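This report refers to the structure that appears directly beneath it.
Each chain gets a letter, A, B and so on, in the order its sequence line appears, and its residues count up from 1. Being a predicted model, the structure only gives us computed values, none of them experimental.
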Amino acid sequence: MITITLPDNSQKQFPEGVTSYQVAESISKRLAEAVLAAKVNDEVWDLNRPIAADAKLKLLKWDEDEGKMAFWHSSAHLMAEALEFFYPGIKFGIGPPVENGFYYDVDTGDRVISTEDLGKIEEKMKDLARQNNGYVRKDISKKDALEYFQKKGDEYKTELIGELEDGKITLYTQGNFIDLCRGPHLPNTGFIKAIKLLNVAGAYWRGDESRKQLTRIYGITFPQQKLLDDYLKMLEEAKKRDHRKIGRELKLFTFDDDVGSGLPLWLPRGGAIIDQLEKLARITETRAGYVRVRTPHIAKESMYRTSGHLPYYADSMFPPMELEGGKYYLKAMNCPHHHKIYLSLNPSYRDLPLRLAEYGTCYRYEKSGELFGLMRVRSLQMNDAHIYCTRQQFASEFRAVNDLYLNYFKIFGIDKYVMRFSTHHPSNLGKKYVDMPELWIETENMVRKVLVESNIPFKEVSDEAAFYGPKIDVQVWSAIGKEFTLATNQVDFAQPVRFGLSYINKNNQADTPICIHRAPLGTHERFIGFLIEHYAGNFPAWLAPDQAIVLPISEKHNERASTISAFLNNSDIRTFIDGSDNKIGKKIRDAELMKIPYMLIIGDKEAAGNSVAVRKHGAGDIGIMSVEDFTDKLKEEERIVFNR
RNA sequence: GCCAGUGUAGCUCAGCUGGCCAGAGCAGCUGAUUUGUAAUCAGCGGGUCGGGGGUUCGAGUCCCUCCACUGGCUCCA
């Protein structure tokens with residue numbers, strides 16, 4: 001007999017070789033039906049794998065991520081079986097579960113799998129699922145595994161096996177399909193009740209651009225049809241928040257073929273949002289001791305040689321313009337220009353920290369397939385600043401920048417984000433990274449300390465730093481689940497050296513400053529793209545393109561409406577009149593669709609009392625008030641943001 | 001850049017296997033209406049069907065090519 005310890009620390013005796021499924025059965029029949037896999041001593045196992053000795057056991061159902069992973073991993077094998085049926089001789093790469101579903105990378109030779117083919121594959125999968133075929137695990141020697149897949153002609157699997165340790169190789173078989181796999185899997189295919197193949201895509205073998213591109217098929221499966229229906233509905237809902245759709249509907253921005261792809265045109269209503277963001281940044285930065293500078297959009301080749309961006313970064317820059325025997329580049333970043341300003345100012349230690357801020361317009365030649373609405377563009381304006389400080393000032397400056405980020409997040413109500421802290425790896429010193437080991441360690445420790453002390457969730461990734469220092473990127477997600485770096489905060493102790501930046505210290509000696517690159521609001525393009533989705537177009541009044549719209553009940557109230565509108569405009573409130581001869585219901589509907597925060601309705605009653613009937617977007621009528629009271633109300637909403 | 005898909009009026013979309021197929025709704029304009037919290041009525045004007053080339057008696061419809069967009073891969077704010 002062996003002892004099985006369950007998560008609640010209760011213990012039960014079972015005969016040696018008992019399976020997790022049998023344990024589940026002994027608890028309840030319903031549990032046995034719902035359980036998908038089991039965690040045995042911190043390792044996820046198949047339900048029907050015999051347990052030989054005393055063990056901790058956790059039964060994994062659909063509500064556990066590890067249960068879902070086993071489910072989707074098994075689904076990938078099911079899809080592979082269907083694919084092999086339709087495309088004999090097909091070769092398989094990898095087929096893992098992912099956050100939402102699974103995929104399999106396959107090589108179909110000359111045959112093309114397109115979206116049209118997904119339906120029949122889906123049907124075949126449903127057939128196979130109904131057969132309740134078991135997923136059977138088998139240990140195999142490396143030699144036998146290689147022999148099997150070589151015979152099958154699958155060079156991808158043989159490549160994978162070649163890297164595995166002999167004695168730890170397992171195959172899984174279900175129905176007519178055998179796959180190299182570590183598992184774990186469902187007991188049988190019958191668990192998979194609802195199947196949807198989502199799309200086909202190209203994917204490079206092992207993520208390497210220089211290797212062959214395989215066909216990747218994405219799918220998702222569920223233990224019940226209703227869960228699939230819910231998931232598809234959720235996807236539809238997410239699409240409604242898509243900034244590209246809302247941007248068109250609310251007339252915020254557009255693209256034009258003649259201008260070029262990735263080059264957004266900001267319409268007046270989008271421009272108004274930018275104005276408010278810049279206002280917020282200006283106020284915030286002025287209070288934090290920043291000074292504003294302005295620099296040209298182009299610079300000569302020599303500067304980018306000095307900075308080190310050429311030739312390494314040249315692929316991401318627009319090709320140079322040649323004139324008067326020299327090459328000029330459109331700037332892809334603002335730092336070199338700012339370093340030149342530093343040189344011109346020739347500061348002493350008394351002038352540091354020097355914080356140079358600019359909403360600098362940059363141009364980056366992104367590959368055509370990488371463009372994505374406002375989130376990934378070729379012309380962008382950064383909420384950029386470079387802080388030059390001494391090593392002693394570094395900690396407090398970095399902390400201040402961090403606080404600035406958090407303050408912004410609070411204003412916008414951004415709570416779903418992850419700070420990605422990228423550090424160097426010592427093995428790449430002098431190669432990928434500047435060879436200043438003690439400075440790397442010192443600044444990384446400092447950055448880590450600030451993050452921990454500020455109680456900020458972050459994940460540390462080794463060997464992902466910039467060549468000039470460690471960095472923090474703020475990762476967020478678009479409505480349709482794409483991950484983006486929204487903002488960035490980088491430490492730089494390399495460029496100051498390259499540019500020969502220095503200051504005279506207290507001991508009358510030249511010293512090199514450290515530079516902090518920071519862009520807490522990222523770029524206008526990406527930040528507003530993100531905000532559109534974050535608010536689903538329902539911008540708070542301080543940020544909305546139009547804060548209020550004046551709606552006269554009938555034509556005879558138009559004059560009164562103009563007076564009120566003019567008064568509000570004079571109080572710096574962004575407003576206009578709906579002067580159409582539509583009925584009030586229609587005017588309200590139009591304003592609601594444009595998501596204008598406040599509607600001010602003017603009829604006989606209001607005209608008589610110098611008041612407006614206020615309707616709030618999405619909330620309805622909030623009562624009659626004087627024009628002054630409404631102005632104060634709006635001003636208060638702005639004050640909370642701008643004066644915090 | 002690569003793989004797969006899509007491209008019909010400002011927007012959302014119909015147009016089956018090539019032949020009275022260039023349409024609808026919304027938006028726009030004009031007129032009537034003067035309206036009390038999510039669509040008043042009527043009339044009118046919009047498209048060389050993404051660009052170019054080809055097949056055909058005949059092409060939104062089939063083929064080639066370029067461009068753009070969408071979903072991925074790679075790369076990044």
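- In this structure, A:Lys367 reaches the bases: a heavy-atom distance under 4.0 Å links it to at least one base atom across the strands shown.
- Scanning both residues, A:Ala332 and A:Met317, for their nearest heavy atoms gives CB-CG, 3.8 Å.
- Here A:Arg376 lies in heavy-atom contact (under 4.0 Å) with a base.
- The aromatic rings of A:Phe412 and A:Tyr408 lie tilted to each other, with the angle between the two planes from 30° to 60°.
- A:Tyr363 and A:His297 have tilted rings, their planes meeting at an angle from 30° to 60° on a 0 to 90° scale.
- Nucleotide B:rG60 carries a syn base; the chi torsion (O4'-C1'-N9-C4 or O4'-C1'-N1-C2) is within 90° of 0.
- Here A:Gly585 lies in heavy-atom contact (under 4.0 Å) with sugar-phosphate atoms only.
- Ring geometry, A:Phe484 versus A:Phe372: the interplanar angle falls under 30°, so the pair is classed parallel (tilted spans 30 to 60°).
- Across all strands, A:Gly620 comes closer than 4.0 Å to no nucleic acid atom at all (heavy-atom distances).
- Taking the O4'-C1'-N9-C4 or O4'-C1'-N1-C2 dihedral as appropriate, B:rG46 has a value within 90° of 0 and is therefore syn.
- Separating the P atom of B:rG23 from that of B:rU34 is a span of 36 Å, rounded to the nearest Å.
- Base pairing in RNA chain B yields stems of at least 3 consecutive Watson-Crick or G-U pairs, both distances under 3.5 Å, namely B:1-7 with B:67-73, B:10-13 with B:23-26, B:28-32 with B:40-44, B:50-54 with B:62-66.
- Ionic pairing of A:Arg244 and A:Asp242 is present here: one or more N-O contacts between side-chain nitrogen and carboxylate oxygen are shorter than 4.0 angstrom.
- Residues of residues 594-601 of chain A that place a heavy atom closer than 4.0 Å to RNA chain B, in numerical order, are A:Ile601.
- Among the atoms of the strands shown, only primed sugar atoms or phosphate atoms (P, OP1, OP2) are found under 4.0 Å from some heavy atom of A:Arg244.
- For A:Leu235, the side-chain contact (heavy atoms from CB on, under 4.5 Å) partners at least two apart in sequence or on another chain are A:Tyr231, A:Leu232.
- Mapping A:Ile602 and A:Asn199 onto RNA chain B via the closest heavy atom, the residue that lands nearer the 5' end is A:Ile602.
- Using a 4.0 Å heavy-atom cutoff across all strands shown, A:Ala201 reaches at least one base atom of the nucleic acid.
- A salt bridge links A:Arg216 with A:Asp105: the distance from a Lys NZ or Arg NE/NH1/NH2 to an Asp or Glu carboxylate oxygen falls below 4.0 Å.
- Less than 4.0 Å separates RNA chain B from at least one heavy atom of each of the following residues of residues 212-222 of chain A: A:Gln213, A:Arg216, A:Tyr218.
- Here A:Ala591 lies out of heavy-atom contact (under 4.0 Å) with every strand.
- Results of the side chain to side chain contact (heavy atoms under 4.5 Å, CB included) test with A:Tyr87 over A:Asp107, A:Val106, A:Asp117 single out A:Asp117 as the only residue that passes.
- One C1' atom belongs to B:rG52, the other to B:rU48, and the distance between them is 13 Å to the nearest Å.
- The span of RNA chain B lying next to chain A, judged by atoms under 4.0 Å from heavy atoms, is bounded 5' to 3' by B:rG1 to B:rA77.
- For the P atoms, the distance from B:rU55 to B:rG15 is 29 Å, rounded to whole Å.
- At most 12 heavy atoms of other shown residues, nucleotides or ligands fall within 6.0 angstrom of atom CZ in A:Arg294.
- Among the atoms of the strands shown, only primed sugar atoms or phosphate atoms (P, OP1, OP2) are found under 4.0 Å from some heavy atom of A:Ser261.
- Nucleic acid contact for A:Glu606: base, since at least one base atom lies under 4.0 Å from a heavy atom of the residue.
- When the P atom is compared between B:rG19 and B:rC62, the two are found 11 Å apart, to the nearest whole Å.
- When the nearest nucleotides of RNA chain B are assigned to A:Glu366 and A:Glu555 by heavy-atom distance, the more 5′-ward of the two goes with A:Glu555.
- Taking atom C1' in both B:rC63 and B:rU70, one finds a spacing of 24 Å when rounded to whole Å.
- Rounded to whole Å, the separation between the C1' atoms of B:rA59 and B:rG18 comes to 6 Å.
- Annotation for A:Ser307 and A:Phe467: closest pair O-CZ, 4.1 Å, computed over non-hydrogen atoms.
- A pairwise comparison of heavy atoms in A:Asn334 and A:Met382 identifies ND2-CE, 3.8 Å as the closest pair.
- Residue contacts for A:Asp604: at a heavy-atom cut-off of 4.0 Å it reaches a base atom on one of the strands shown.
- Among the heavy atoms of the strands lying under 4.0 Å from A:Val377 is at least one base atom, whether or not backbone atoms are also near.
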Please output the side-chain donor-acceptor pairs of residues 248-265 of chain A that fall under 3.5 Å, not counting sequence neighbours, one pair per line with the distance.
from     : atom 1 : to       : atom 2 : distance (Å)
A:Glu249 : OE2    : A:Lys245 : NZ     : 3.0
A:Asp256 : OD1    : A:Asp258 : N      : 2.7

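- When A:Phe530, A:Trp477, A:Phe409 are each tested for a ring pair (Phe, Tyr, Trp, His ring centres under 6.0 Å) with A:Tyr417, only one passes: A:Phe409.
- A:Asp257 comes within 4.0 angstrom of the backbone, heavy atoms only, and of no base.
- Under a cut-off of 6.0 angstrom, the local environment of CD in A:Glu483 is crowded, with over 12 non-hydrogen atoms contributed by other residues, nucleotides or ligands.
- Between A:Asp275 and A:Lys279, none of the side-chain N atoms (NZ, or NE/NH1/NH2) sits under 4.0 Å from a carboxylate O, so this pair counts as no salt bridge.
- Heavy atoms only, all atoms of each residue included: A:Tyr329 and A:Tyr304 are closest at CB-CE1, 3.8 Å.
- Heavy atoms of A:Phe372 sit under 4.0 angstrom from primed sugar atoms or phosphate atoms, though from no base atom.
- Of the C1' atoms belonging to B:rA27 and B:rG46, the separation is 11 Å, rounded to the nearest Å.
- Between B:rA42 and B:rA24, the distance separating the two P atoms is 15 Å to the nearest Å.
- Within the nucleic acid shown, A:Lys605 comes within 4.0 Å of at least one base atom, counting heavy atoms only.
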